[in-house]
Each structure stands twice: as C-alpha cells, then as structure tokens.
Amino acid sequence: MISTGQAEKYARSWEQGTYGAEDESPLQETTPLLESFITHLQRYRQSMSKVPLVLEGGAGSGDHAIRLVQNGFLVIANEYSEVATARILQRGNARLPKCTKTRLQVAQGDIVRYLREQESRSLMGFYANSVLHTFSQEERSALYTAVHRVQPQGGLVAVSFKAEGDSVQYKGEFREETEAGKIVEDLIGINRLFVRNPEPLIEELTKAGYKHLETFAWNVVKYIAVNTYDLGERKFIGFLAQKE
C-alpha cells in the first residue's frame, strides 16, 4: 500500500503502542481552527439546506471527526493505520448515540489515493489537524490538487501544522531549512516541518485554487498520550481556505 508523508512510520508507531492504550489517550476535543471550520460548514448547511460531507485526513483517534458528527455533519475519517481506524470505530461507538453513528464512516488507506477515487464535487470540507507538516511541499501540492477536484465552489480546507517553538522540535535532529521553517527528524525517524513563516504555506493553497480566509495559532500543554514524548508545550498554526 502506497503512503503519503510519514504515514508508514506512523502506522508502525500505532502497531508498537506508541500512542498508548485506548484508555490512556486523552480526548483532543477542539482547536480554534476546528471551531471556525464548523462555523463555516454550519453557514453552508443553513444556506443550502444540505448536510455537508466532510473528510478528515489523518484522523488519529477520531476525536475531531466525532466532534464534526456531533455538529450534524456527515464525516469520513481517514487513517493509514489499521490500529488507528479500529480506535476511531471504538470511540465512535462509545461516544455517539445510535441514531448518529451512521454519520461516521472510517476509510483506511493513503489519503491522496482515497481522494483520487472520489467523485467530482462530492466533498464540502477537508480537514487535517497536525498532519501536513509531515508532508513534503510536493506531497502537499498533490493533496490540495486531489481535494480541489472533488469539491464544489466554496468548498473548505482546514489544515494545521506544527509551529516553531514546539517542544518536539528540540528532541530530534535538524535536517533542512526551508522558507517556511526547519525540518527536524525525531527519534523514531519522522520528519516534521516546524513553521516559522506561514506565507509559503498560504501560497501553496492559493496556487491550488483556494482563497485564504483565516490563520490561527494555539498552544496545547498536553497534546496526546505518546509514550516516547517528553512533557512540553506543543505549538500549532492552522489555515482555513475556500475554493474559488
């Protein structure tokens, strides 16, 4: 199975229990980016009288996908890892009422390949939290192109990245300086971009046919129960954009 970004390395981490047992992983309930994404989707639903279909790429344990379902949307949660997709289903079954469980679908596999298999204009929103900093510039471009093809005009993209100063940045080995920021390889071989300059990332969205709407920055004291991570503040930057 092909993979984009660092998906195979993350899948091995899931298999090895790096992300902790089911009852050890705290809920990751929301971010400023997610809240704005939800607000824009609700406006679309009200104006079009249509329930938006949302795809989350790299959904992790599924907390944000579940939150989107709870707000009344149809959601597809994508993960490369079989362990992660099982975790999403477990959490969905535990937290969603029976009448809304069917609004959550889980799709295992590579996110770009999955998008390329979808019908044109079928997807209103694409969401990826703390994922695309593990993609190369070329991989992000391929992803945005694939998303653009399956969205109607006005479709939304909400993506977030690690930001400069995140504690994980100082636990690995420097690999490359880019216009957007440093790329650092962590102890298990995952390369991440830590964003210093957001402009190149906004330009990537613009070139793919999106209008930048908002930029968000936030910090999280305890991001996720990862066994190999030291304590320390996590820093993020996110972008909301709309298909022109």
Side-chain angles (χ1 to χ4, degrees), residues 1 3-4 7 10-11 14-15 19-31 33-131 143 146-160 224 240 242-243:
M1 184 165 57
S3 68
T4 305
Y10 275 110
W14 280 101
E15 292 167 2
Y19 286 88
E22 163 67 16
D23 59 355
E24 294 175 349
S25 182
L27 296 180
Q28 306 297 319
E29 293 184 348
T30 192
T31 70
L33 175 65
L34 178 60
E35 293 304 314
S36 184
F37 184 57
I38 288 171
T39 297
H40 280 77
L41 288 170
Q42 288 172 336
R43 290 173 184 166
Y44 169 83
R45 182 173 59 186
Q46 292 168 0
S47 64
M48 302 297 291
S49 299
K50 183 178 181 181
V51 178
L53 175 63
V54 179
L55 171 63
E56 180 178 4
S61 294
D63 295 330
H64 289 182
I66 292 168
R67 176 69 189 282
L68 288 162
V69 171
Q70 291 170 334
N71 277 271
F73 310 128
L74 302 174
V75 181
I76 303 169
N78 166 265
E79 258 293 348
Y80 187 82
S81 162
E82 183 177 356
V83 176
T85 53
R87 177 77 59 84
I88 296 168
L89 288 171
Q90 290 170 1
R91 287 200 164 185
N93 286 331
R95 293 169 55 192
L96 292 172
K98 185 176 181 179
C99 60
T100 62
K101 287 181 181 180
T102 57
R103 294 180 183 174
L104 175 64
Q105 300 179 35
V106 178
Q108 183 188 352
D110 179 72
I111 182 59
V112 174
R113 182 174 181 179
Y114 180 80
L115 282 162
R116 288 171 176 168
E117 293 172 351
Q118 305 313 300
E119 294 182 5
S120 177
R121 303 174 67 85
S122 61
L123 185 70
M124 185 58 198
F126 176 79
Y127 178 78
N129 180 54
S130 190
V131 175
L143 173 72
V147 174
H148 191 276
R149 184 189 69 82
V150 298
Q151 286 191 311
Q153 185 176 7
L156 296 167
V157 168
V159 292
S160 70
I224 194 169
L240 181 66
Q242 190 168 41
K243 181 175 176 179

Okay, side chain of [X], backbone of [Y]: is any donor-acceptor separation there less than 3.5 Å?
X: E56; Y: A77; value: no
X: S81; Y: V83; value: yes
X: N78; Y: A59; value: no
X: S160; Y: S130; value: yes

**Q.** Non-neighbouring partners of E82 that pass salt bridge (Lys or Arg N to Asp or Glu O under 4.0 Å), sequence neighbours left out
**A.** none
Q | Residues that R67 engages under salt bridge (Lys or Arg N to Asp or Glu O under 4.0 Å), provided they are two or more places apart | A | E35
Q | Closest heavy-atom pair and its distance - I88, E79 | A | CD1-CG, 4.1 Å
(Q) For V131 versus G57, what's the shortest heavy-atom pair and its separation? (A) CG2-O, 3.6 Å
Q: Nearest 0.5 Å please: distance from the CG atom of L104 over to the CD atom of Q70.
A: 10.0 Å
Q: To the nearest 0.5 Å, tell me how far Y80 OH sits from D110 CG.
A: 7.0 Å
Q.
side chain to side chain contact (heavy atoms under 4.5 Å, CB included) for V159 and F126? Distances and angles first, verdict last.
A. CA-CA 8 Å; V159 292; F126 176 79; 4.2 Å; yes
Q: Can you label the angle between the Y127 ring and the F37 ring as parallel, tilted or perpendicular, going by 30° and 60°?
A: parallel
Q) Is L34 close to N129 at the side-chain level, that is, under 4.5 Å between some pair of heavy atoms? A) no
Q. side-chain hydrogen bond (donor to acceptor under 3.5 Å, both in side chains): which pairs involve residues 42-52, sequence neighbours left out?
A. Q42-N71
Q: List in chain and number order the residues that pass side chain to side chain contact (heavy atoms under 4.5 Å, CB included) with L53, two or more places apart in sequence or in another chain; answer none if no residue qualifies.
A: L74, I76, L123
Q | side chain to side chain contact (heavy atoms under 4.5 Å, CB included) evaluation trace for I66 with V75 | A | CA-CA 8 Å; I66 292 168; V75 181; over 6 Å; no
Distance-only check: which donor-acceptor pairs under 3.5 Å involve side-chain atoms of residues 146-156, not counting sequence neighbours?
{"unit_1": "R149", "atom_1": "NH1", "unit_2": "Q118", "atom_2": "O", "d": "3.4"}
{"unit_1": "R149", "atom_1": "NH2", "unit_2": "L115", "atom_2": "O", "d": "3.2"}
{"unit_1": "R149", "atom_1": "NH2", "unit_2": "R116", "atom_2": "O", "d": "3.2"}
{"unit_1": "R149", "atom_1": "NH2", "unit_2": "Q118", "atom_2": "O", "d": "2.6"}
{"unit_1": "Q151", "atom_1": "OE1", "unit_2": "Y210", "atom_2": "OH", "d": "2.7"}
{"unit_1": "Q151", "atom_1": "NE2", "unit_2": "M124", "atom_2": "O", "d": "3.1"}
{"unit_1": "Q151", "atom_1": "NE2", "unit_2": "L156", "atom_2": "O", "d": "2.8"}

(Q) Just to verify, what does F73 make a ring pair (Phe, Tyr, Trp, His ring centres under 6.0 Å) with, not counting sequence neighbours? (A) none
